[in-house]
Amino acid sequence: MSERFEERDEPAPYRQWGVDLDPAALEQMDNACRLPISERGAVMADAHRGYGLPIGGVLATEGAVIPYAVGVDIACRMKLSVFDLPVEDIEEKSDFLANVLEYETAFGVGAEFDKPRDHPVMDEDWSVSPVTRKLKEKARRQLGSSGSGNHFAEFGILTLDEPELGLEPGEYLALLTHSGSRGVGAAVANHYSKLAKKLHPELPKELNHLAWLDLDSEPGREYWAAMQLMGNYASANHAVMHHEITARLAAKVIAGVENHHNFAWKEVHDGKEVIVHRKGATPAAEGDLGVIPGSMTEPAFVVRGKGNEESLNSAAHGAGRVMSRTQARRSISWDEIEAELQEKKVRLLSADRDEAPGVYKNIEEVMEAQKDLVDIIARFDPRIVKMAPPKRGRRW
């Protein structure tokens, strides 16, 4: 172990998409490119400050994985299901749809089900790390639930102008969810981030959250296996949620899209195998399908990747925040939120003020800034939205 931090002779190169990005996010990207393991990176148009690597940051490294460059909510993802139901149900059966969301979802820190749900992911090997082994039963209780923050489940209208996803042009009733690997994923992230920091005491303070694990070491192999399991678990959370909601609707799913972010992949770029971290960034290799959401009142877009190597085959994962949660609670009123909801004809079942539409960038501008990364193939407009209930001070 080196007693002195030795950074690259020259920082690893990176490209930026979008304008007026958070200076703190760019500083974090600059720091990440100083690491001796860094090869190159990219900053997406929705970038803002995170821990270590910015949200919207993409970083390719050689032979090592950075837990905080993956993120705390490992394998957080989007899932879209399109139903064979009349699109008019979004208005005519609004109360029924709202009740389905209320009954079949659970949101917030520690949220779990009294009667645990089931999925084959619980039959996988949870002994790949001491963290997953210890928290398997917690994971079982939380299976099919969602966290706090920007996680959501919402019914809306999917619009296609051209034949796509095996569907004819037109409008469809659809379900869109955003959730991740819950408490066990956060525990994996925290455990291995602390371990990485202990293994790299030479890192200066500004690089502390970028401590890495060598993949040929036992901690690195453990984290990699736990990360893969958390990817399967996060996907299972969505699968369970969509299955239960679909059953309550007595509907058939006629199309769907799923993609994840907050993950690391082994890929070949510039003729060599690297570890590509996409923290709050969507995979966008040629032909990759994904969903990029806006806010509770703004649209999400179904996209197809163009395979732009300059972005390491990546795109933004959302609109990106323009203010902190603390600032949002201080500056945005419930009256403002309600006015926006009424204007956009959105029924909000629960949420906190720090997820108000005004805390996000204009999703249309973000999409415009990455036209060379993805093609838009469909638009999803939210109509009935559920997020984690507010901690205090509001009723719906």
Legend entry - Counterpart residues, side-chain contact (heavy atoms from CB on, under 4.5 Å), relative to Lys93 (two or more places apart): Asp89, Phe96

Inset, instruction - Over 60° means perpendicular and under 30° means parallel, so classify the ring planes of Trp265 and Phe263, tilted if in between. - result: perpendicular

Inset, instruction - Using a strict cut-off of less than 4.0 Å between a Lys/Arg side-chain nitrogen and an Asp/Glu carboxylate oxygen, indicate whether Arg4 and Glu202 qualify as a salt bridge. - result: no

Legend entry - Salt-bridge criterion met for Arg15 and Glu309 (N-O under 4.0 Å): no

Please table the atom pairs, donor to acceptor, closer than 3.5 Å between any side-chain atom in residues 209-217 and protein atoms at least two apart or in another chain.
unit_1: His209; atom_1: ND1; unit_2: Lys197; atom_2: NZ; d: 3.2
unit_1: Trp212; atom_1: NE1; unit_2: His200; atom_2: NE2; d: 3.4
unit_1: Ser217; atom_1: OG; unit_2: Asp214; atom_2: O; d: 2.6
unit_1: Ser217; atom_1: OG; unit_2: Gly220; atom_2: N; d: 3.2

Legend entry - Salt-bridge criterion met for Asp46 and Lys361 (N-O under 4.0 Å): no

Inset, instruction - Mind jotting down which residue pairs meet the side chain to side chain donor-acceptor pair (under 3.5 Å) criterion with at least one end in residues 218-229? Sequence neighbours excluded, please. - result: Tyr192-Glu222

Inset, instruction - Mind listing the closest non-hydrogen atom pair of Gly156 and Ile90 along with its distance? - result: N-CD1, 3.9 Å

Inset, instruction - Mind jotting down which residue pairs meet the salt bridge (charged side-chain N to carboxylate O under 4.0 Å, His left out) criterion with at least one end in residues 125-146? Sequence neighbours excluded, please. - result: Glu112-Arg141, Glu137-Arg140

Legend entry - With sequence neighbours excluded, residues passing side-chain contact (heavy atoms from CB on, under 4.5 Å) with Glu62: Glu39, Lys272

Inset, instruction - May I have all residue pairs that pass ring pair (Phe, Tyr, Trp, His ring centres under 6.0 Å) and include part of residues 292-313, sequence neighbours excluded? - result: none

Legend entry - side-chain hydrogen bond (donor to acceptor under 3.5 Å, both in side chains) evaluation trace for Lys386 with Ser350: CA-CA 5 Å; Lys386 182 170 176 58; Ser350 58; 3.2 Å; yes

Legend entry - Partners meeting ring pair (Phe, Tyr, Trp, His ring centres under 6.0 Å) with His178 (sequence neighbours left out): His151, Phe152, His261

Inset, instruction - Among Ile, Leu, Val, Met, Phe, Trp and Tyr joined by side-chain contacts under 4.5 Å, find the other residues sharing a cluster with Val268 and list them by chain and number. - result: none

Exercise answer: donor-acceptor pairs, residues 114-122 side-chain atoms, under 3.5 Å, sequence neighbours excluded:
unit_1: Arg117; atom_1: NH1; unit_2: Glu104; atom_2: O; d: 3.2
unit_1: Arg117; atom_1: NH2; unit_2: Glu104; atom_2: OE1; d: 2.8
unit_1: His119; atom_1: ND1; unit_2: Val121; atom_2: N; d: 3.0

Legend entry - side-chain hydrogen bond (donor to acceptor under 3.5 Å, both in side chains) between Arg347 and Ser94, worked out: CA-CA 9 Å; Arg347 179 175 179 176; Ser94 177; 2.8 Å; yes

Inset, instruction - Determine which pairs satisfy salt bridge (charged side-chain N to carboxylate O under 4.0 Å, His left out) with at least one residue from residues 315-328, sequence neighbours left out, and list them in order. - result: Arg321-Glu355, Arg325-Asp354, Arg325-Glu355

Inset, instruction - Could you tell me whether Glu267 and Arg278 have a side-chain N and a carboxylate O separated by less than 4.0 Å? - result: yes

Inset, instruction - Output every pair passing salt bridge (charged side-chain N to carboxylate O under 4.0 Å, His left out) with a member in residues 154-177, not counting sequence neighbours, ordered by first then second residue. - result: Glu164-Arg304

Inset, instruction - Name all pairs fulfilling the side chain to side chain donor-acceptor pair (under 3.5 Å) condition that reach into residues 289-301, sequence neighbours left out, sorted by first residue then second. - result: Thr297-Glu340, Glu298-Lys344

Inset, instruction - Quick one: do Ser314 and Ser311 satisfy side-chain hydrogen bond (donor to acceptor under 3.5 Å, both in side chains)? Show the steps, please. - result: CA-CA 5 Å; Ser314 308; Ser311 72; 4.9 Å; no

